[in-house]
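Take a look at the structure below.
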Protein chains: 2
Amino acid sequence: MATIKEVAQRAGVSIRTVSRVLNDNPYVADATRECVLRVIQELDFRPSAAARYMRTGQSQLIGFLTDELAQNAFSYDLIIGAQQTAWERQKLLFLLNTGNDPHVERRAINMMRDHQVEGIIYATMYHREIIRSQFPEDIPVVLVNCFADDRSLPSIVPDEIGGGRLATETLLNQGHRRVGFVNVAAQEPAPLGRMAGYRQALANYGIPFDAALVRFIEEPFEGLATSTYDCVLSLLEMDDPPTAIFCFNDMMALGAYDAVRKSNLRIPEDVAIIGYDNVEILAAQIHPPLTTIELPNFEMGRLAVRMLLGEAGSIQDGRPGQHMIECPLIVRGSV
Amino acid sequence: MATIKEVAQRAGVSIRTVSRVLNDNPYVADATRECVLRVIQELDFRPSAAARYMRTGQSQLIGFLTDELAQNAFSYDLIIGAQQTAWERQKLLFLLNTGNDPHVERRAINMMRDHQVEGIIYATMYHREIIRSQFPEDIPVVLVNCFADDRSLPSIVPDEIGGGRLATETLLNQGHRRVGFVNVAAQEPAPLGRMAGYRQALANYGIPFDAALVRFIEEPFEGLATSTYDCVLSLLEMDDPPTAIFCFNDMMALGAYDAVRKSNLRIPEDVAIIGYDNVEILAAQIHPPLTTIELPNFEMGRLAVRMLLGEAGSIQDGRPGQHMIECPLIVRGSV
DNA sequence: CCCTACCTTGCCAACGATGGCAGAAATTGC
DNA sequence: GCAATTTCTGCCATCGTTGGCAAGGTAGGG
């Protein structure tokens with residue numbers, strides 16, 4: 001690859017002049033600029049980012065660290081949103097997936113430091129709390145789908161309570177009064193929050209909470225859809241069965257569909273179903289298409305980059321911003 | 001962040017000695033080495049990859065370019081396989097998704113050149129031919145899921161014919177003699193190859209090809225599962241209906257499931273179904289779990305990195321290696 | 001005791017770019 | 001026509017690291 005030196009030689013000017021052309025410095029004669037630009041094109045020259053970084057200290061690099069997220073096709077849009085936003089700002093994204101292994105994580109962060117990233121975005125598969133001390137103090141960090149134990153890092157998390165409420169209210173709005181909820185049994189923000197939202201929605205509509213309508217899938221969460229199938233069957237066999245079911249996620253809705261069909265009921269006429277996550281290849285393809293709550297992954301990725309670069313509230317009231325992103329309703333045909 | 005200079009000062013040695021410690025040069029006295037290592041740890045020093053590159057010309061960076069692939073959660077394992085393999089070799093992966101826009105693609109390649117990537121892996125969403133001239137001559141390129149018009153770039157593609165044959169033979173092996181095939185209507189390697197494999201399998205078993213058993217979904221490919229639903233319904237309504245159906249991909253199998261159920265038939269007892277792609281969140285979750293042909297994405301990502309680094313046949317018989325990867329059968333419960 | 005190795009260390013140049021400064025050339029104002 | 005200003009250009013140092021080379025020190029052998 002050509003260097004600035006060769007360009008200078010071939011154009012018959014000094015290196016400094018070429019550098020000025022590259023950086024749009026106004027103090028270059030038009031004729032000179034044109035000549036230099038022509039040579040640059042001829043040689044297909046591009047200035048070395050590494051060398052430029054040496055002088056300027058601007059690496060234009062952003063680290064994107066994920067735990068298991070990337071292994072699990074769900075939240076791909078998060079990466080795309082971040083990548084696109086970074087790209088618009090002439091930054092490049094490093095991608096590293098750690099498999100949630102703390103040792104790998106440390107090495108990954110070190111590797112990113114080696115490459116002088118301007119900051120690190122850390123995104124988790126499941127909404128959870130993370131430990132602040134695993135991140136270095138001297139690099140900006142933005143958390144996605146998780147938050148620091150001491151809230152000392154800016155973070156972006158989905159509004160689980162709002163989402164749970166929205167899902168439930170969507171069903172209540174259609175006149176349903178017996179709304180089942182198939183949740184997962186874990187003390188994490190997602191199941192707890194969506195549960196809270198479910199209860200809020202019932203309260204808003206003046207409907208008493210009925211614990212019999214709420215079922216929990218126990219760990220391990222293998223074969224989620226199958227476990228949900230069993231849950232929903234038992235819900236539908238109740239004396240006073242639900243006419244609508246809120247599933248913790250779209251994969252589980254798949255199991256719910258099977259259970260409803262097995263019971264010779266129709267969706268949405270006899271039983272309405274609503275999911276969560278908006279996994280397109282599931283939700284848009286099953287029949288009838290699944291109405292669901294979207295995890296706004298693209299937007300979260302986008303915001304993460306903007307916060308990292310200081311464009312958006314990485315600081316709120318003098319403390320690291322803790323952002324809650326609304327989860328919108330995606331209307332399809334299952335309600 | 002600390003630099004090598006500060007480490008040297010604090011340890012009371014020259015910069016060169018610190019460099020020697022960093023690079024495991026044997027000519028360092030044990031006492032000195034220990035002292036330097038202690039200071040390195042104290043200052044949490046890490047050598048700058050950019051500066052190191054300046055001297056050595058080794059950037060340790062690999063570009064990973066995708067067209068639409070990354071937007072579509074299918075082939076995530078490809079990226080993970082590449083990332084993990086790169087990581088084992090102390091390399092970092094740049095990820096860029098171009099959305100198949102040639103303008104964006106050019107810019108992406110330029111950005112990667114700016115950062116002195118040691119090579120570029122270009123992966124496409126669909127198996128297809130690409131134009132050689134869009135890539136620079138002076139950087140190693142490995143193609144995944146695509147191949148150059150003039151075969152002048154090493155490439156890795158799935159063996160579509162073998163996969164189609166394997167899928168069909170799996171069904172024939174179970175005693176099925178009327179095997180339907182729901183394909184997509186496109187002049188691309190995947191549908192053409194799988195079709196060829198289907199015919200080969202029939203021939204191997206001495207079963208005459210019946211065009212009535214093969215259906216094509218026309219473009220646009222929106223709502224693939226729904227279109228497949230209609231196709232499969234009409235297949236099952238034939239006088240001599242198929243007892244097994246090979247679906248071009250897993251999403252389409254979802255539609256096939258619905259059609260079979262609609263016809264009051266059981267899977268796999270009355271109708272066996274086999275898919276293609278092994279999209280886990282679909283195939284493993286639906287009921288019964290889908291038997292399918294796997295696109296070995298992880299392995300393809302892995303091989304791509306190894307080829308790029310010259311570890312594996314990037315050259316075969318003096319020409320760029322064109323690798324065909326076998327697609328293995330994943331047995332679940334639908335056959 | 002000296003010579004020869006080898007071990008250990010440090011100095012300097014270099015990678016490819018940009019910033020500061022100074023000098024040369026061109027332009028302006030009187 | 002000359003000084004003052006503006007425009008344009010080039011030289012040198014610098015970023016953080018490693019390679020080449022040389023020099024000082026230590027030990028071993030004769």
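Only this structure's heavy atoms are used, side chains among them; waters, hydrogens and symmetry mates stay out. Below, read A as the first sequence line, B as the second, and so on, with proteins coming before strands; counting in each chain starts at 1.
B:Ser19 comes within 4.0 angstrom of a base, heavy atoms only. Note on B:Val13: only backbone sugar-phosphate atoms sit closer than 4.0 angstrom, heavy atoms only; bases stay farther off.
A donor-acceptor contact closer than 3.5 angstrom is absent between the side chains of A:Glu188 and A:Tyr126. Judged by distance alone, the side chains of B:Thr66 and B:Asn97 do bring a donor and an acceptor atom under 3.5 Å apart.
A straight line from CZ of B:Arg20 to P of C:dC7 spans 13 Å, rounded to a whole angstrom. Rounded to whole Å, atom P of D:dT17 lies 11 Å from atom NZ of B:Lys5. Rounded to whole angstrom, the span from the CG atom of A:Asn25 across to the P atom of C:dT18 amounts to 11 Å. B:Tyr27 has its OH atom 17 Å from the C1' atom of D:dT18, to the nearest Å. Per the geometry, CD1 belonging to A:Ile4 stands 13 Å off C1' belonging to D:dG10, to the nearest Å. Summarising the geometry, the separation between CZ on A:Arg52 and P on C:dA17 is reported as 8 Å, rounded to the nearest angstrom. Between B:Gln116 atom CD and C:dA17 atom C1' the separation is 11 Å, expressed in whole Å. Here C:dA17 presents its C1' atom at 14 Å from NE2 of B:His115, a figure rounded to the nearest Å.
A close approach under 4.0 Å does not occur between any side-chain nitrogen or oxygen of B:Ser14 and OP1 or OP2 of C:dT9. Between A:Arg55 and D:dT14 there is no side-chain polar atom (N or O) within less than 4.0 angstrom of OP1 or OP2. Distances shorter than 4.0 Å separate some side-chain N or O of B:Thr17 from OP1 or OP2 on C:dG10.
The nearest heavy atom of DNA chain C to B:Ile15 and to B:Thr56 marks one nucleotide each, and the one closer to the 5' end goes with B:Ile15. Both B:Pro47 and A:Val28 sit near DNA chain D, but only A:Val28 has its closest nucleotide nearer the 5' end.
Rounding to the nearest 0.5 Å places CD of A:Glu118 at 9.5 Å from OH of A:Tyr53.
Salt-bridge check for A:Arg306 with A:Glu88: failed, with every basic side-chain N at 4.0 Å or more from each acidic carboxylate O. The existence of a salt bridge linking B:Asp114 and A:Arg46 is confirmed by a sub-4.0 Å separation between a basic side-chain nitrogen and an acidic carboxylate oxygen.
A donor and an acceptor atom sit less than 3.5 Å apart, one in the side chain of A:Arg16 and one in the base of C:dG19.
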